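Report on the structure given below.
Please read all numbers here as calculations on a predicted model, not as lab measurements. Letters go in sequence order (proteins before strands), and every chain restarts at 1.
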2 protein chains.
Amino acid sequence: MEASSNEFLRGTLKTIVLKLLAEQGRMYGYEITQSVKERTSGEITLTFGALYPVLHKLEQDGFLMTESEEVDGRLRKYYSLTPSGNATAVQKVSDFERFVEAMQSLLRPQNGEISLAKL
Amino acid sequence: MEASSNEFLRGTLKTIVLKLLAEQGRMYGYEITQSVKERTSGEITLTFGALYPVLHKLEQDGFLMTESEEVDGRLRKYYSLTPSGNATAVQKVSDFERFVEAMQSLLRPQNGEISLAKL
DNA sequence: TTTGATATATAAAAAACTTATATATATATT
DNA sequence: AATATATATATAAGTTTTTTATATATCAAA
C-alpha cells in the first residue's frame, strides 16, 4: 500500500517547499510532509531524508529563516521565507509551469497515435 | 545565449525518450536532442552527456533495441522500442500526467494569494 | 583552413535522493 | 504495564542521476 516513490519529484522539491511557505506564511517540516500528502491525496509523499536536507540548504542559501518553538513538550522548527526566498518561490513556480507546457508539447499525442487510440 | 539547464528535467529524461520513440518508431541520439529542442522551442535541451547514458541504460533494461547504419560516412545508431519498452512508455507518460495534476493541486494559488496578485 | 553542423561516447565530479538509523515525547491500544 | 502509532527533527551511507569536460570523426561552408 506504499505510494511508490515518484521519480518525477526529482527537481521539484525546492519548488514545492518554497510555494507552500509563500502560501502559508510559516510551517514546520513535519507539517509540510503532511500537507503535501493531503493535498495530493497521497500521490506525492515527501520523505524526511529528502525534506530536511532541502530545508537546511534553502536556509543556508538565505531563502528561509527559522524560529524554534516548544509545543506539547516537543520541539518545532518553523520555517518562513526571506524576501529573496519569496522572489525565488514566484520564479520557481513560473519556471515549473513553463516546463510543464514544454513537456506537453512533447507528450501530447501526435499524428498517427490518435487513430490508433481510436481503434 | 545558453538555455539554462532545467532542474525540472531531472527524472523526466527516460519518459521523454520513450515517448518520442513510441511516436516516431525509431530515432538516433542526435535526432532526439534536435527534436526535443525544436518541439519545445528551445525550452528543453537534452545534453549528450545525459542522453547517451540514458539510452544505454534503457537498452540494458530491455526497453530499447538498436541497429547501426552508416549514413554519409557517419555512423548512426537507431533506437526503437521493444514490447516492454512500449508498455513502459505508455505507463510513464500516464504517470507523468498524474504527477503534474498532483503538482497543480500544490501550486495552484490558494485563498489569500489571489487578492494579493490583484493589487 | 577553420568553423559549424553532424554523430557517438566515456570519465570525473557534483548534486539529489533513498534508505536506514537515532533520538525523544505523547497518545492510544492491548 | 507494555506496545504501537503519531508527532517531531536529524544525519550518515549509499545509489542514482545529471553536469561538465573531453575524445573522436566526417562533412559542408566560409
Side-chain angles (χ1 to χ4, degrees), chain A residues 1-18 26-38 42 44-61 63-79 92 96 99, chain B residues 1-18 26-38 42 44-61 63-79 92 96 99:
Chain A
M1 303 300 173
E2 271 295 304
S4 64
S5 161
N6 205 323
E7 57 181 310
F8 300 119
L9 199 54
R10 294 178 159 281
T12 62
L13 243 161
K14 281 182 191 172
T15 304
I16 291 172
V17 168
L18 290 170
R26 66 173 208 167
M27 297 177 93
Y28 51 100
Y30 187 84
E31 188 184 11
I32 293 174
T33 64
Q34 298 308 301
S35 174
V36 167
K37 201 194 286 181
E38 275 171 41
I44 296 179
T45 308
L46 305 190
T47 61
F48 299 119
L51 178 64
Y52 288 115
V54 163
L55 286 171
H56 301 331
K57 181 66 164 44
L58 288 171
E59 191 185 0
Q60 263 183 54
D61 292 347
F63 297 135
L64 303 184
M65 49 195 188
T66 60
E67 18 173 10
S68 289
E69 275 179 39
E70 204 187 300
V71 180
D72 296 323
R74 279 190 293 267
L75 190 74
R76 276 188 195 170
K77 203 165 160 184
Y78 280 98
Y79 292 87
K92 283 209 183 286
F96 181 76
F99 174 72
Chain B
M1 301 303 171
E2 271 295 303
S4 65
S5 162
N6 204 323
E7 59 183 308
F8 301 118
L9 199 52
R10 292 179 160 280
T12 63
L13 242 162
K14 281 181 191 172
T15 303
I16 292 172
V17 168
L18 290 170
R26 66 173 210 169
M27 296 177 92
Y28 52 98
Y30 187 83
E31 188 184 10
I32 293 173
T33 64
Q34 298 309 302
S35 174
V36 168
K37 200 193 287 179
E38 275 171 41
I44 296 180
T45 307
L46 306 189
T47 60
F48 299 119
L51 178 64
Y52 287 114
V54 162
L55 286 172
H56 302 330
K57 182 65 166 43
L58 288 171
E59 192 185 0
Q60 261 182 54
D61 291 347
F63 297 136
L64 303 184
M65 49 193 186
T66 60
E67 18 172 11
S68 288
E69 275 178 39
E70 202 186 303
V71 180
D72 296 323
R74 279 189 292 266
L75 190 75
R76 276 187 194 169
K77 203 163 158 183
Y78 279 97
Y79 291 88
K92 283 207 182 288
F96 181 75
F99 173 74

Starting the side chain at C-beta, find the nucleotide from [options] nearest to [X].
X: B:Y28; options: D:dT7, D:dT19, C:dA7; value: C:dA7
X: A:T47; options: D:dT20, C:dC17, C:dT18; value: C:dT18
X: A:L13; options: C:dT6, D:dT18, C:dC17; value: C:dC17
X: A:R76; options: C:dT10, D:dT9, C:dA15; value: D:dT9

Original post:
Does anything in residues 46-56 of chain B pair up under salt bridge (charged side-chain N to carboxylate O under 4.0 Å, His left out), and if so which pairs, sequence neighbours excluded?
Top reply: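 For residues 46-56 of chain B, and leaving out neighbouring residues, there are no salt bridge (charged side-chain N to carboxylate O under 4.0 Å, His left out) pairs at all.
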
Let me have the donor-acceptor pairs involving side chains of residues 27-37 of chain B, under 3.5 Å, with sequence neighbours excluded, atom names and distances please.
{"residue": "B:Y28", "atom": "OH", "partner": "B:R76", "partner atom": "NH2", "Å": "3.3"}
{"residue": "B:E31", "atom": "OE1", "partner": "B:Y28", "partner atom": "N", "Å": "3.1"}
{"residue": "B:T33", "atom": "OG1", "partner": "B:Y30", "partner atom": "O", "Å": "2.6"}

Using nucleotides 27-30 of chain D, report all nitrogen or oxygen pairs with the protein that are shorter than 3.5 Å.
{"residue": "D:dC27", "atom": "O4'", "partner": "B:R74", "partner atom": "NH1", "Å": "3.2"}

Subject >> Rounded distance in Å - CG (B:L51) to C1' (C:dT6) >> reply: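 Atom-to-atom, B:L51 to C:dT6, this comes out as 15 Å.
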
**OP:** Mind calculating the distance between CG (A:L75) and C1' (D:dA6) to the nearest angstrom?
**Re:** 17 Å

Subject >> Residues in salt bridge (Lys or Arg N to Asp or Glu O under 4.0 Å) contact with A:R26, at least two apart in sequence or another chain >> reply: A:E67, A:E69

Subject >> With A:K14 via salt bridge (Lys or Arg N to Asp or Glu O under 4.0 Å) - residues at least two apart >> reply: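 Not a single residue meets the salt bridge (Lys or Arg N to Asp or Glu O under 4.0 Å) criterion with A:K14.
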
Original post:
Are the side chains of B:L58 and B:V54 in touch, meaning some heavy atoms are under 4.5 Å apart?
Top reply: yes

**OP:** Check every strand shown and say whether A:F8 touches a base, only sugar-phosphate, or nothing at a heavy-atom separation below 4.0 Å.
**Re:**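 Contact class for A:F8: none.
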
Original post:
Counting any heavy atom closer than 4.0 Å, what does A:G29 reach on the DNA or RNA strands: base, sugar-phosphate only, or nothing?
Top reply: sugar-phosphate

Original post:
Taking for each residue the nucleotide of DNA chain C with the nearest heavy atom, is it A:F48 or A:K14 whose nucleotide lies nearer the 5' end?
Top reply: A:K14

Original post:
B:T66: what forms a side-chain hydrogen bond (donor to acceptor under 3.5 Å, both in side chains) with it, not counting sequence neighbours?
Top reply: B:E59

With a cut-off of less than 4.0 Å, is there a side-chain N or O of [X] near OP1 or OP2 of [N]?
X: B:H56; N: C:dT10; result: yes
X: B:Y52; N: C:dA9; result: no
X: B:K77; N: C:dA9; result: yes

